[in-house]
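Have a look at the structure below, then the notes.
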Amino acid sequence: MKKKIELAILIFLIASLAVLNRNLEEQVSSDKITVQKNTVVLDAGHGGGDPGKVGVGDVVEKEINLQIAKKVKQLLKKEKVKVIMTREADTMLAGEESTGTKVADMKERVRIINEEAPQLAVSIHQNSYQDAVVHGAQVFYYSGSSEGENAAKIMQNALLSIDEDNTRQAKANDTYYLLKRTDVPTIIVECGFLSNAEDAENLCNEEYQDKVAEAICDGILKIIGKENGV
Ligand SMILES: [Zn+2]
């Protein structure tokens, strides 16, 4: 009887060790993704049949996202950063099995990011809220990613420098598809609130867009360790 119990305990211990070992292996391999240094994916949110948020003065999010993304691309190219855009036109992204749905669009964005494996992926969006007073840029990161958190905090600081009234802080999120499914550090930059009249007006203004793009570019250079041309 005693031997049987000992044997049972032994089997249990071996099984526990096997499970523990597997978990450790998964942990290590997920940290082992090789990223392409000096490469950034810029993702202009929405497009085509998906306008995103429509704000004060019928400002359409997908258009502002793309305008700012293109400006950031130009600035990064000057700094010799390799830039991959998920879209450069007013289109929804289509996967191979695409049916033109939002799901296919999001999957395609994630596929591009994971395939390119950039040092950083930045998804550009504009926010909206029922309370029109709410304003200011805010950066989101995946709650399980310390690299994402670090990147988001650097980017948030870069964006605070262009708006002295903004007191928002980088925020964790564990539900956004893009943040959850990408293998590389990914942040979502909400440049402002289209539901706020001042933000909406600013975000349509070319000069303000330039300021936002410069702040995003500065943030990216700091995150990827290319500050001051290093
Ligand atoms: Zn959006």
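Keep in mind the model is a prediction, meaning the values are calculated, not measured. Just follow the structure's listing: the first ligand is 1, and inside any ligand the first atom is 1.
Between Lys153 and Glu149 there is a salt bridge, with a side-chain nitrogen of the basic residue lying less than 4.0 Å from a carboxylate oxygen of the acidic one. Salt bridge annotation for Lys211-Glu214: absent, with no cationic side-chain nitrogen under 4.0 angstrom from a carboxylate oxygen.
Taking backbone and side chain together, Glu190 holds no N, O or S atom under 2.8 Å from the Zn ion (ligand 1).
Annotation: side chain of Lys71 is in contact with side chain of Asp210 (closest heavy-atom distance under 4.5 Å). With a 4.5 Å cut-off on side-chain heavy atoms, Leu76 and Lys226 do not count as touching.
Looking at Glu61 and the Zn ion (ligand 1) together, the shortest N, O or S contact belongs to OE2. Shortest distance from the Zn ion (ligand 1) to His125 is reached at ND1 (N/O/S atoms only).
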